[in-house]
Structure formats: structure tokens, C-alpha cells
Amino acid sequence: MRFLLRFYVAIVFVFIFAPIVVSFVFSFSENRFPTLPLTAFSTIWYEKVLAEPVFLESFRRSLIVASVTSVLSTFIGFGAAYMDYRYRFFGQKFYVAIGMIPPMIPVLILGVAMLIFLSQVGLSGGLHSVIIAHVVLCTPFAMALVRLKLSQMPDNLEAAAWNLGANEWRSMRMVVVPFCWPAILAAIFITAAISLDEFAIAWFVSGLEETLPVRVLNLVARQSSPSVNAIGSFTFTLSLTLVVLAQVVLVANQRRGEKKA
Amino acid sequence: MAKTKLDRAGGGALETGRASGSASRRAFIGVFGGPLVFWQGLFFVAPLIFMFVMTFWAVRNYQLSADFTLANWQAILAADYAWDAYLRSALGAGLAAGIATVVAFPCAYYLGLKTTPRVRILGACLIMAPFFTSFLVRTYTWRTMLGDEGVLNAMLGWLGLGPFQMINNLFGSVVGYLTLVMPLVLLLQLFSISGIDRRLIEAAHNLGCNPFQTVFRVIIPGARNGIVLAATFAFVLSFGDLISPQVLGGSNPPTLSILIVDQVRGGLQWPRASVIAVMMVVTLGVLVSLAMAFVYGGSTKRAKRA
């Protein structure tokens with residue numbers, strides 16, 4: 001019985017990981033079409049990707065969007081999380097809701113709404129449009145991460161700062177930000193990873209300024225190209241690095257906190 | 001460091017802090033609390049409201065013009081292809097939510113209750129990994145694997161089976177949806193199952209329940225909220241997904257998401273695309289409210305009974 005259950009769990013994990021592993025393996029296969037048996041090992045698809053200026057250009061755009069998005073959405077998310085933590089005010093539930101709802105709306109619908117709105121106000125068709133939309137989508141994640149950290153902050157920490165004469169600004173700078181710093185870093189990495197992977201909204205609003213995932217989407221829609229595997233493996237490594245960095249920051253800080261206590 | 005703070009406190013900074021309070025505090029709240037209202041109000045709430053307004057606009061000579069016409073609503077609501085697409089989207093998303101819920105449950109049960117904490121954490125980390133891979137690349141890989149010449153048909157061929165057509169149909173779409181939602185459903189179910197009070201399970205054992213009775217009488221009722229929420233999320237995500245029906249489902253006949261893209265691409269039919277989008281938002285809104293009512297209504301009832 002237990003063996004059967006384990007076998008079953010293994011099958012479900014195979015389903016989840018098959019596309020990731022297969023894509024990785026075939027990115028190193030010489031054959032144009034991914035079939036069995038595997039042909040010779042080769043890095044030809046990576047070389048092809050690197051040799052195409054279109055890819056490098058779109059990757060550069062993605063990096064710009066991801067870095068601006070991560071900083072902006074982390075700042076907005078941090079401020080909003082602190083407001084929710086520190087103050088009780090009229091409409092607080094609504095305030096938190098407009099902060100948290102965007103990821104629950106299908107990105108397709110967000111994309112259409114953004115395209116229609118931004119083109120009416122003359123802001124569509126550029127990297128700034130992608131940044132605007134990605135900040136909307138990423139802020140909730142930053143807000144959630146920081147809010148979680150704030151709820152672990154000892155109550156008397158800020159009270160002590162106030163008693164010692166610090167005003168809001170000073171206690172923010174000397175107490176709250178240092179305490180939340182690991183969550184802030186984690187939020188920067190996670191939001192960057194989300195932005196780097198997002199293609200649906202970007203596809204609608206980016207116009208001619210294709211980001212990397214939009215480039216991949218157009219490639220996939222048209223033909224079968226093993227370059228997709230190479231790009232996928234590359235971006236997977238990049239996102240995973242960002243996420244692992246976020247984890248390392250959080251865990252290292254937790255350890256330090258435990259030692260202190 | 002400590003000294004300067006003490007000095008400031010000694011120097012009557014407490015009073016200055018109070019005195020400059022209201023203006024400084026207003027600025028403080030504006031700087032940290034304002035950006036969310038500004039950004040999400042302007043770029044999230046306003047676009048959604050404007051999309052609804054857009055459903056009443058008209059397109060004349062390939063130009064959008066502000067209007068108040070019900071023509072777009074009539075055109076979409078009277079079109080058979082739109083309702084076919086609606087049902088197809090709902091069917092695909094429903095299948096995905098149902099299959100994901102049933103398939104993930106034994107897995108979550110094993111990881112949540114039948115294994116060591118170390119394996120559980122490893123499992124949870126593994127389940128999170130796909131969130132950071134490109135969904136686009138995963139669906140593309142499924143297409144190459146499930147195609148007529150693909151890896152799967154090649155393996156089935158060795159067994160003397162097939163070839164089966166596994167892409168450009170509903171099967172393909174559902175595989176795509178499952179790729180999208182399975183990790184999330186598994187994770188949410190795992191959370192809710194690990195939260196069940198172990199003493200209840202032991203009690204069930206002591207009272208003579210066999211493992212199956214325990215699962216159906218203790219674990220499923222205990223994890224009910226998580227299971228329902230996970231299935232709802234799965235439906236929402238699949239219903240709005242564009243990639244699975246496009247890359248794996250063959251895009252023809254279309255789902256609602258593909259209709260939206262067609263309307264936007266094919267000559268500025270933004271008002272009609274907005275009508276479809278509003279239909280989707282309303283459908284999902286009703287569904288999520290029902291799920292929430294089920295989850296929260298159920299728990300208050302239970303609380304009252306207790």
C-alpha cells in the first residue's frame with residue numbers, strides 16, 4: 001500500500017518535471033527535432049541564440065524592465081505593508097484589497113485592460129508600458145513578503161525608538177528598514193523573477209519593444225525551434241538563481257536572529 | 001550609537017517630535033502609503049473600469065469613438081461562436097480543476113501525513129520550482145513531446161500502441177492547464193492537510209477506522225477549505241489561460257481567451273474584446289464568491305455548532 005502510494009507520488013512528480021527536464025536535455029541535443037533516440041551532445045542552440053542580436057536586444061529590455069519593476073514594486077509594497085501594519089484607518093480593508101487583488105485577475109484580462117487604457121492616455125507601446133503593468137502585478141508579492149516580516153517585529157522595538165525621541169522618519173530609517181531588510185531583498189529578487197517570466201501582459205502592451213518572453217511567445221507561435229529550449233534553460237537558471245538568492249538572504253538572517261536570541 | 005540616541009532623548013527631542021508631528025506625519029503617510037493608492041488606482045482600478053466603459057464604445061472606420069451603444073453586447077451575446085467558446089473554456093477549466101484536485105490529493109496526503117518532515121520540506125521545495133520556470137517553454141516542450149513524432153508516441157510505438165493524437169485537441173489543452181495549475185493545487189492541498197490536528201487522525205484509528213474511512217471522514221472534511229480554494233484557483237487560472245489552448249489545443253475552435261486575442265489583433269475590435277473580458281471577469285467573480293461563501297459560511301456554521 002505504502003509502496004503504491006510512493007510510486008503514485010513519483011508519477012505525479014514526473015508529470016510536473018518532465019517538461020522542465022526534457023527541455024533542458026534537448027537544449028543540448030544536436031537534432032533539429034526533439035525525437036528519440038537522443039543525438040549527439042551539442043551547444044549549437046545556445047550559440048545560435050547568442051549569435052542573434054534580436055535575442056540579446058530583447059534580453060536587455062527584459063533586464064531593464066525587471067530591474068526598474070523590482071525596485072518600484074518593492075518600494076510601493078513596503079510602504080503599503082507598513083501602513084497596514086502600523087495604522088488603523090478608514091477603508092483599510094479596501095486599501096489592502098487593491099494591493100492584493102491584481103494577481104487574482106487573469107493576466108490576459110489585465111493585458112487587455114492595460115492596452116486599452118494605456119493607449120487612450122498615450123502610454124502604450126513601449127518599455128515604460130511593460131514596467132507600469134509589471135509593477136501592478138508584482139507589488140502584491142512584495143507587499144505580502146514585507147507584511148509577513150513586519151508581523152514578526154517585536155512591538156517594543158519601534159516604541160523604544162519613539163521614546164528615545166525618534167520621529168516616524170527616523171524610526172523608519174533606523175528600526176523598521178533594518179529589521180525588514182531581508183524581506184526587502186527577497187522581494188526585490190522575487191519580483192524581478194516574476195517580471196522576467198511574464199509574457200501575456202507584456203505581449204499586449206509592449207508594441208515593437210519585445211521583451212525576451214514575448215520574443216519566445218512569437219517564436220513558439222510560428223514554428224518549432226530548439227532555440228526555445230536553450231532560452232528556457234537559460235532563463236530558468238536565472239530565475240532560480242534569483243529565488244535561491246532570496247532564500248539564502250532570508251535563511252541567513254533567520255539563523256543570525258536565532259543566535260542573537 | 002546608543003549615546004546619540006540618549007542625547008537626543010535628553011535634549012527634549014520628544015517634544016520636538018510631537019510638535020512637528022502633524023505636518024511631518026502627513027508627509028510620512030503620503031510618502032509610504034500614497035504610492036499604492038496612486039499606482040494601483042491609476043493603473044489597475046482605472047483600466048478595469050475603463051474596460052467596462054469601452055464595451056459601450058463604437059468602432060467607425062477603424063477608429064474608436066466614445067459612444068453609448070449596446071451593439072457590442074448584442075453582437076457577442078447573440079453569437080453562437082462566442083457561447084461555444086464560453087462552454088469550451090468552462091469545460092477545459094472545469095476538467096483541469098477536477099483532474100488536478102483528484103490527482104494531487106493522494107500526493108498531498110502522502111507528503112503531508114505519511115512521510116518524514118525532511119521529505120515533506122524537500123517535496124514542497126520541488127513543487128515550488130516550476131513557478132520559476134517559463135510556463136511558455138514548458139507548454140512548448142509538451143507540444144514536442146506529445147506530437148505525432150514526439151517522444152511519447154515513440155515510446156508507445158515500442159509497445160505497439162498508437163500513434164495517438166495528443167495535441168491540437170481538448171486533451172492537449174487540458175495537459176497545458178494541468179501543467180499550469182498542478183503545482184499550485186498540490187501546494188495548497190499540502191498546506192491544508194499538514195494543518196489537520198493529528199490527534200483527530202489517531203482518534204479515528206483508535207475508533208477502528210481503516211485508512212480509507214480516515215481519509216473520507218477526517219482528512220477530506222478537515223482539509224475541505226484548502227481543497228475548495230485550490231480547485232477554485234485552478235479553474236480561474238485555466239479559464240484565463242491563453243497559452244495552453246494556443247500552443248497545445250491548436251487554437252481552433254477557439255476558447256474565450258483566444259477570441260479576445262483575435263478581436264484585439266484583427267482590426268481594433270477592442271470594444272468586443274472588452275465585452276468578452278467583462279464576461280470572463282463576471283464569471284470568475286461569481287465563482288470565487290460562491291467558493292468563498294462555501295468556505296467561510298461552512299466554517300462559521302461549524303464554529304456555531306462547537
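To find a chain, count down the sequence lines: A is the first, B the second, and so on, and within it residues start at 1.
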Just give me the residue among [options] that pairs up with chain A most often, heavy atom to heavy atom, under 4.5 Å.
options: B:P183, B:G33, B:S257; value: B:G33
options: B:F50, B:W39, B:F43, B:W142; value: B:W39
options: B:V53, B:L126, B:L284; value: B:L126
options: B:Q40, B:M182, B:M51; value: B:Q40
options: B:G34, B:P35, B:C107, B:G240; value: B:C107

Engaged part of [X] at the chain B interface, taking heavy atoms whose separation is under 4.5 Å:
X: A:L123; result: side chain
X: A:A200; result: neither
X: A:L196; result: neither
X: A:Y8; result: side chain
X: A:F17; result: side chain
X: A:P106; result: side chain
X: A:S119; result: side chain
X: A:L137; result: neither
X: A:Q120; result: side chain
X: A:T139; result: side chain

Which pair of non-hydrogen atoms, one from [X] and one from [Y], has the smallest distance, and what is that distance?
X: B:I167; Y: B:G147; result: CD1-CA, 4.0 Å
X: A:Q92; Y: A:M83; result: NE2-O, 4.3 Å
X: B:V175; Y: A:F15; result: O-CZ, 4.0 Å

Side-chain heavy atoms of [X] within contact of [Y], under 4.5 Å:
X: A:E158; Y: A:Y85; result: yes
X: B:W57; Y: B:W270; result: no
X: B:L180; Y: B:T139; result: no

Measure distances from B:L237 to the heavy atoms of chain A and classify the residue's part below 4.5 Å as side chain, backbone, both or neither. neither

Test log, rule ring pair (Phe, Tyr, Trp, His ring centres under 6.0 Å), inputs A:F234 and A:F59: CA-CA 11 Å; A:F234 173 69; A:F59 182 54; 5.3 Å; yes

What distance do B:L259 atom CG and B:L242 atom CG have between them, rounded to the nearest 0.5 Å? 11.0 Å

Distance check, rounded to the nearest 0.5 Å: A:Y95 atom OH versus A:Y87 atom OH? 11.0 Å

Highest number of heavy-atom pairs under 4.5 Å with chain B: which of [options]?
options: A:I231, A:I105, A:V107, A:I98; answer: A:I98
options: A:I11, A:D84, A:V12; answer: A:V12
options: A:I194, A:I132, A:I20; answer: A:I132
options: A:M143, A:M104, A:M172; answer: A:M172
options: A:V22, A:V121, A:L72, A:L238; answer: A:V22
options: A:V216, A:V135, A:I16; answer: A:V135

Test side-chain hydrogen bond (donor to acceptor under 3.5 Å, both in side chains) on B:S238 and B:D241; report intermediate values, then the result. CA-CA 5 Å; B:S238 310; B:D241 180 32; over 6 Å; no

Against A:V112, only a single residue in A:L110, A:I116, A:L115 fulfils side-chain contact (heavy atoms from CB on, under 4.5 Å); can you say which? A:I116

For the CZ atom on A:F75, are there more than 12 heavy atoms of other groups (residues, nucleotides or ligands in this structure) within a distance under 6.0 Å?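 Yes, enclosed.
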
